[in-house]
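Written out below as structure tokens is the structure these notes cover.
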Amino acid sequence: MKKTLMIVTLVVLMTIGTLVAEEPNFEKGGKYLTGQIGLNTYAIPFGASFGLAITDNIEVGGTVMAYFWTGISVIQPSADVFYHFTSLELPVDLFAGASIGYA
């Protein structure tokens with residue numbers, strides 16, 4: 001029951017953050033903190049990522065995800081690099097990237 005309540009609380013907080021956020025704009029020098037929820041066969045991972053825009057299109061940062069199974073907890077840190085497609089002038093922040101981590 002505690003796990004379900006915690007997951008619902010995280011989803012609500014992330015949704016509120018998304019709704020009150022301003023129009024997406026990715027620019028050099030920006031700092032970005034993002035909450036995350038994933039899908040997995042055995043658990044629902046959640047965590048956060050932090051990134052720094054080093055150019056108008058490239059972001060570097062890190063992510064920490066937490067997985068909780070019955071009796072087992074896994075913390076997975078990773079290093080991330082993303083390319084943001086800012087030249088497309090879309091109403092969303094479209095990006096692609098790669099991560100490397102350890103669990």
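- Phe95 and Ile54 fall into different hydrophobic clusters, where Ile, Leu, Val, Met, Phe, Trp and Tyr residues are linked whenever their side-chain heavy atoms come under 4.5 Å apart, directly or through other members.
- Considering every non-hydrogen atom in both Ile44 and Gly38, the closest pair reads CG2-O, 3.5 Å.
- Although no hydrogens or angles enter the test, the distance criterion places a donor-acceptor pair under 3.5 Å between the side chain of Asp56 and the main chain of Lys28.
- Ile58 and Phe50 end up in different hydrophobic clusters when Ile, Leu, Val, Met, Phe, Trp and Tyr side chains are linked at under 4.5 Å.
- Residue Thr55 comes nearest to Phe26 through the heavy atom pair O-CE2, 3.7 Å, listed as atom of the first residue, atom of the second, then distance.
- When all heavy atoms of Leu52 and Gly29 are compared, the closest pair comes out as CD1-O, 4.0 Å.
- Between Phe46 and Phe68, the ring-plane angle classifies as tilted under the 30° and 60° cut-offs.
- Of all heavy-atom pairs between Tyr32 and Glu27, the closest is OH-N, 3.2 Å.
- Ring pair His84/Phe82 is perpendicular by interplanar angle, where above 60° counts as perpendicular and below 30° as parallel.
- No more than 12 heavy atoms of other residues, nucleotides or ligands lie within 6.0 Å of CD1 in Ile100, so this atom counts as exposed by the packing criterion.
- No chain of hydrophobic side-chain contacts below 4.5 Å, direct or via other Ile, Leu, Val, Met, Phe, Trp or Tyr residues, connects Val81 to Val64.
- One finds the CG atom of Asp80 at 8.0 Å from the CD atom of Glu59 (value rounded to the nearest 0.5 Å).
- In this structure, Phe85 CZ and Asn57 CG are separated by 9.0 Å, a value rounded to the nearest 0.5 Å.
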Inset, instruction - For Gln76 and Tyr102, run side chain to side chain contact (heavy atoms under 4.5 Å, CB included): C-alpha distance rounded to whole Å, both residues' side-chain angles, the deciding distance at 0.1 Å, then the answer. - result: CA-CA 6 Å; Gln76 176 186 357; Tyr102 179 78; over 6 Å; no
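- Across every non-hydrogen atom of Ala103 and Val74, the tightest pair is CB-CG1, 3.8 Å.
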